[in-house]
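Okay, structure first, notes after.
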There are 2 protein chains.
Amino acid sequence: MKTNYSAYPRMNVKTLNKHVVVDLIRFTSGGISRAGLSRELGLTRAAVTSIVNDLSDMGIVREAEKQTSGGRKPAVLEIVPSQGYVVGVEMGATHILALVADYSARVIREKEIQIDIKDGPEVCLSALDRVVQQVIAEAGLQLVDIHAIGIGVPGPVVISEGLVSAPPIMPGWDNFPIRSVLNKKWDCHVLLNNDAELGALGEWAYGAGRNEANLVYIKVGTGIGAGLIFDNELYHGVTGSAGEIGHITIRENGSICTCGNRGCLEAVAGGNAIALRASEEVQRGKRTQLVGFGDFYQITINDVISAARKGDLLCQQIISEAGTHLGTAIASLVNLINPSIVIIGGGVAQSGDLLLEPIRTAVSRRSLRVASKAVRVSAALLGRRASAMGAVVQALSHSLHQFSE
Amino acid sequence: MKTNYSAYPRMNVKTLNKHVVVDLIRFTSGGISRAGLSRELGLTRAAVTSIVNDLSDMGIVREAEKQTSGGRKPAVLEIVPSQGYVVGVEMGATHILALVADYSARVIREKEIQIDIKDGPEVCLSALDRVVQQVIAEAGLQLVDIHAIGIGVPGPVVISEGLVSAPPIMPGWDNFPIRSVLNKKWDCHVLLNNDAELGALGEWAYGAGRNEANLVYIKVGTGIGAGLIFDNELYHGVTGSAGEIGHITIRENGSICTCGNRGCLEAVAGGNAIALRASEEVQRGKRTQLVGFGDFYQITINDVISAARKGDLLCQQIISEAGTHLGTAIASLVNLINPSIVIIGGGVAQSGDLLLEPIRTAVSRRSLRVASKAVRVSAALLGRRASAMGAVVQALSHSLHQFSE
DNA sequence: GATTTTGTGTTAAATAACTTGACATTTAAT
DNA sequence: ATTAAATGTCAAGTTATTTAACACAAAATC
């Protein structure tokens, strides 16, 4: 008796149930026993035994070490970690972060490099290839050991095609066949997705969004994007561009944005906007810790954040203002989506409560009571790894579901 | 082999499939044959035959008259209309519309009265009771013939409790036990829901949103609200208040709104806002067809719409401006949700292209290319009946699913 | 106009995937 | 020590479905 698992493609009932069991084992913190699975699934214990036996014979699932803490404990199940490995990659505007994880989603190695996404696909994808190859080698593995590689990019992804369509902060990448190029290099399953969506997935599976069915993840970096999880599933929209919150209009006549419009959220509260704002104030001679940076050096968002953390008032104020603008947009989003949690991640979120508090204030002031009472605004628990971790989760899902056929 | 029908509660597999079959027969325009069901469900024709036989024995389903147009036609199935009846009601700020429909969702009688929702629950629910009783009688039926009654109200509904929570345009209704009061009066299943959500459901089932999996319905009346359908299912959010788009901030320092904030969409583009705007202009002595209305008579939104339709330039301009503001909000929504269609309904939508064109312009200017290319902006096909029709659909679903146990 | 092809709907037997009910096992409560 | 309660397993029975065969009707082909 199983009903509602719309995420899985058509397959026979037992295989479907196997997949559900695998996911319940993966995503239940503290593990789950056969009896627990029975309750969750609405199947009898006898049926669960049969399913788990199959998975155990395949080598995917095993019983965890029993805790010696006394008291009868049911046999808790876990995924066999060494059955396979995956790689999760986040490509941002200025960096690439790659993680290698085993079948239980434990990260066994990571590596980060700096890039500039404006160098275009050829240059960046070569760099991407190098990091991935290196991190695999450093983990003591080879490419053939890797079942799948998940990649997050900061633009609207057409999942079926494996490319990005008209990405505002990825000039030169429009319709470039990212997935097929990488497929040729690696000869394993490559899954391309939007970075904010993957951040949402990561936080839902292993971060601040555990056990939350309706979740919004806001990635505030160079760009601003949102990942949406509705009823425990990633929501893409019709063409896969859902969550593009960065280019909603905040100020009718605000400063001009990379997308061509005026007053976009990203042009007001994005990483570049904050850095630009700081530069202007410095040049106007405002008193700040950043003064020493001079005219030739380009002030970055990280400079502003670290100065703010060290107590610099100007930088704190700039970040706080960005938070207020973000909060206005998030308040609208809370009214519209009515989520149980909004998770703030991405580079700018490193500034912590300096950014979060103004957001919380705006949400409680501008959202309807019903909605604002029901929502928490939290920082990403996985921090800068959120998107890469989501890529891991996705690659793992793909691989496990293939494996358990 | 059936997988993804998460809308249905837990039940055994065949019963579940029965419900799916009933819904496919209901919602497939032009009807569907056993072979068609087989393809849709992924079941064999033999299995479908067995399921349809059961439903036929219950009296819910039958074969439609064969078209005599020649050429082999499969036996098209239909719901037996006379097996049961339901009522669908829309309660707006100023009116109540009640529909009686048979099991095939054909409306057999309707009735509308004027009310003022500010008179509070006792007064309005008595009026509601009267209209419903009358329309049932006029349809030649009695209360015992009615299997379920669906009701839409213009505020955030807590479905589990059957009441509204902190509704901006329903003063005096906060936490009033609407459903249980009506239950006592009628002694049949009462389903309370948000009017915009029901509008979305109605348009999805029988209107402009047929065959669209991801749909947004915007109800522009006295209040402004949205109904969301994601992956063919109504989306409520955690506490049932999703879609409350009327109180997102459009102008930081705009005019004050019933909700207490400033510059809400509703305070700028809602029915009351439009009427108020017209009154002001008239008092300022602007040249308009409305001049004759004098100072004592309160100009209504309907006056403005009919004047605009008759060519009054001022009224046209006021509606067009409201459309532009709506369009800005809808553009954000399109970026965020990436729907395939946005349907504009509610009283103000009676003004047609005068309202729609500015919305389309704003969406194509302010939304990302990927999202705006994928979306159509249309008027509600069911017009002022959209929400009440959604209430019918919901009541019918409830009744049919109960019946086919 | 006869023949083949294609799609529809039905039936009976076989199979997959459960449930039922009984039982051994382990721990907690009395 | 005894009882209660939950876990995990096994064999037998049940249900919903598939398989495979066939009858039927219309369209396409010759």
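Only this structure's heavy atoms are used, side chains among them; waters, hydrogens and symmetry mates stay out. Fair warning: this is a prediction, and the values are worked out from it, not measured in the lab.
- For D:dG8, one of the phosphate oxygens OP1 or OP2 lies less than 4.0 angstrom from a side-chain nitrogen or oxygen of A:Ser33.
- Separating the NZ atom of B:Lys14 from the C1' atom of D:dT17 is a distance of 9 Å, rounded to the nearest angstrom.
- Atoms CG (B:Leu16) and C1' (D:dT15) sit 14 Å apart, rounded to a whole Å.
- Summary of the strand contacts: B:Ile51 and B:Arg45 both lie near DNA chain D, and taking for each the nucleotide with the nearest heavy atom, the more 5' one is attributed to B:Ile51.
- Taking side-chain N and O atoms only, B:Arg34 has a distance below 4.0 Å to OP1 or OP2 of C:dT10.
- Remark: C1' of D:dG8 and CD of A:Glu63 are 9 Å apart, rounded to the nearest angstrom.
- Between B:Thr49 and C:dT10 there is a side-chain polar atom (N or O) within less than 4.0 angstrom of OP1 or OP2.
- Within the structure, a side-chain polar atom (N or O) of A:Thr44 is placed less than 4.0 Å from OP1 or OP2 of C:dT19.
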Give every pair of a protein N or O atom and an N or O atom of nucleotides 12-14 of chain C that lie under 3.5 Å apart, one pair per line with the distance.
none

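- Remark: P of D:dA16 and CG of A:Leu43 are 15 Å apart, rounded to the nearest angstrom.
- Aromatic ring orientation, B:Phe27 versus B:Tyr206: tilted (interplanar angle from 30° to 60°).
- With sequence neighbours excluded, the residues satisfying side chain to side chain donor-acceptor pair (under 3.5 Å) with B:Lys14 are B:Ser50, B:Asp54.
- Within the 4.0 Å cut-off from OP1 or OP2 of C:dG9, not a single side-chain nitrogen or oxygen of B:Asn53 is found.
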